[in-house]
> 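Sending over a structure as structure tokens; questions will come in a sec.
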Amino acid sequence: MKNVPAPRDAVAAVDPFHAIALSRIAGDLAAAGVDVIHMEFGQPSTSAPLRAIAEAHQVLDSKAMGYWESNALKARIARHYADAYGVAVDPEQVILTCGASPALVLALSCLFTPGARVAVARPGYVAYRNTLKALYLEPVELDCGPEERFGLTAAALAKLDPAPDGVILASPANPTGTIIPRDELAQIVRVCRERGIRIVSDEIYHGLSYVEPAASMLEFEGDAFIVNSFSKYFSMPGWRLGWLLVPPASIVAARARMGNLFLTAPVIAQRAGLVAFDCDDVLQAYLDTYACNRQLMLDALPAMGLATIAPPDGAFYIYADIGHLTEDSLAFCERLLRETGIATAPGVDFDPIGGSRFMRFSFAVSTAEVERAIERMIPWFAAQPHPAVPAPAG
Ligand SMILES: Cc1ncc(COP(=O)(O)O)c(C=O)c1O
């Protein structure tokens with residue numbers, strides 16, 4: 001019998017994350033005694049704040065852990081929106097999730113039905129494209145290059161014909177770290193209102209800014225769905241805790257989906273997360289380390305011959321153009337790893353078209369590791385042949 005794939009299967013095909021394959025090679029190299037420096041994943045190498053860890057020990061030793069939702073944490077998150085952005089949020093609008101990833105699934109499933117078209121920036125976080133496809137939604141990728149500061153713009157959204165049903169925005173963004181300026185956010189909201197485009201704003205890198213602090217989409221659009229997490233600023237990726245902020249009209253729909261798809265977030269993470277919210281002293285010290293690492297990388301890039309990078313306003317990434325050295329970023333990153341022990345992420349993970357000419361460094365490691373990485377990378381990059389790589393058409 002002929003096995004003809006249904007048209008929907010093409011939409012649902014989810015691509016692999018190449019950095020995971022590189023990380024496996026890094027693991028094998030480390031097992032063989034190589035000093036591997038992990039700059040491939042966007043995860044802090046620091047622990048959760050110690051006071052949060054102490055709370056977790058307490059919970060383990062003394063409390064039952066059933067399905068549970070912390071009203072205190074929801075109230076604390078609501079207060080954070082008043083303190084940090086000056087916007088009023090009802091704690092009932094906060095859905096506690098197992099990280100930003102399920103929050104994104106909830107948001108998309110509340111807002112869209114199969115076949116809906118959702119705009120995303122290219123380059124962008126790989127899971128946007130793949131989560132959309134897994135939910136039978138259609139990613140509409142907008143090419144965002146140096147002219148757009150590698151970010152989605154109101155003008156690009158205004159030009160899309162037909163208008164998409166939704167858009168996922170990220171500021172600071174992954175893989176670039178670029179922040180969308182406030183006036184551009186306001187313009188984006190204007191276009192979205194005019195064209196009936198629903199907004200999902202992924203604010204997972206908030207708190208990690210080296211220029212002006214990133215604005216929340218909620219300051220401009222009360223109807224936006226806001227995704228956030230404890231995985232980045234709070235340095236708690238493995239604790240699996242995040243939240244989705246939904247407009248009042250969507251609370252019932254979002255809670256129904258949370259209950260059916262995921263039940264609740266882990267008790268231990270919720271208790272520790274509440275404590276982490278008041279550990280700014282520790283978390284600001286982590287930010288100081290990233291700021292120092294970022295500066296070290298920026299200072300080293302010219303010596304590595306990397307002149308074109310996306311504006312690293314926030315997060316902990318540098319997305320660099322390596323088009324003068326290769327048109328196969330995956331092979332290039334693997335060679336860098338095998339020859340220097342430095343694991344990075346190839347641009348193809350974030351941009352299946354132009355990403356073959358880019359790579360991403362995560363500097364969320366220790367300063368000593370960044371220094372060692374730079375020491376090895378400067379001579380390695382200098383020794384690379386410069387093939388005449390044709391510029392991509394268009
Ligand atoms: C932009 C962005 N959104 C969401 C996520 C998923 O984060 P979480 O660990 O909270 O699920 C990541 C992880 O790297 C990310 O970079």
Side-chain angles (χ1 to χ4, degrees), residues 14 17-20 22-23 38-46 48 73 77 94-108 118 120-132 134-135 139 141 144 150-152 167-180 199-209 214 216-217 224-245 258 261-262 265-266 269-270 272-273 276 290 310 312-319 343-345 347 349-351 355 360-365:
V14 169
F17 196 4
H18 298 296
I20 293 176
L22 287 177
S23 199
H38 287 280
M39 303 178 90
E40 74 274 38
F41 289 139
Q43 63 174 351
S45 58
T46 43
L73 181 56
I77 291 171
V94 178
I95 316 285
L96 299 173
T97 60
C98 313
S101 310
L104 184 66
V105 171
L106 289 182
L108 296 175
V118 180
V120 290
R122 191 183 64 224
Y125 178 47
V126 60
Y128 298 152
R129 191 171 72 238
N130 288 320
T131 306
L132 287 167
L135 294 173
E141 296 188 321
C144 300
F150 292 87
L152 265 182
V167 61
I168 303 176
L169 292 155
S171 169
N174 180 4
T176 58
T178 305
I179 289 177
I180 303 176
I199 299 175
V200 178
S201 179
D202 182 351
E203 303 185 353
I204 188 169
Y205 291 103
H206 276 219
L208 301 175
S209 299
S216 173
M217 182 53 86
F225 280 57
I226 312 292
V227 169
N228 211 323
S229 167
F230 283 76
S231 294
K232 310 294 174 176
Y233 174 71
F234 295 95
S235 192
M236 297 172 68
W239 295 70
R240 306 312 301 139
L241 185 64
W243 68 90
L244 175 68
L245 197 62
M258 179 65 200
L261 296 182
F262 306 111
Q270 294 183 63
Y290 303 145
D313 305 329
F316 27 56
Y317 304 122
I318 294 203
Y319 192 61
T344 53
D349 270 336
F350 313 100
D351 176 351
R360 188 195 73 178
F361 302 91
S362 165
F363 52 79
V365 290

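Every heavy atom of this structure was used, including side-chain atoms; hydrogens, water molecules and symmetry mates were not. Residues take their numbers from the sequence shown, with the count starting at 1. None of these values were measured; they are calculated from a predicted model. In listed order, ligands and their atoms are each counted from 1.
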> For residues P44 and K232, report the shortest heavy-atom separation together with the two atoms involved.
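In this case the closest contact between P44 and K232 is CG-O, 3.6 Å.
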> Relative to the ring of Y125, is the ring of Y128 parallel (under 30°), tilted (30 to 60°) or perpendicular (over 60°)?
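Perpendicular, since the angle between the ring planes exceeds 60°.
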> What is the minimum heavy-atom distance between L152 and I180, and which atoms define it?
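Result for this residue pair: O-CD1, 4.2 Å.
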> Among residues at least two apart in sequence or on other chains, which ones pass side-chain hydrogen bond (donor to acceptor under 3.5 Å, both in side chains) with H38?
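For H38 the side-chain hydrogen bond (donor to acceptor under 3.5 Å, both in side chains) partners, ignoring immediate neighbours, are E40.
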> Tell me which residues fall inside the under-4.0 Å heavy-atom shell around ligand 1.
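Answer by chain and number: G99, A100, S101, Y125, Y128, N174, D202, I204, Y205, S229, S231, K232, R240.
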> Given 3.5 Å as the limit, does a donor-acceptor pair link the side chain of E203 with the main chain of I226, or not?
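No; zero donor-acceptor contacts below 3.5 Å.
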> Nearest 0.5 Å please: distance from the CG atom of L106 over to the OG1 atom of T97.
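With rounding to 0.5 Å, CG (L106) is 7.0 Å from OG1 (T97).
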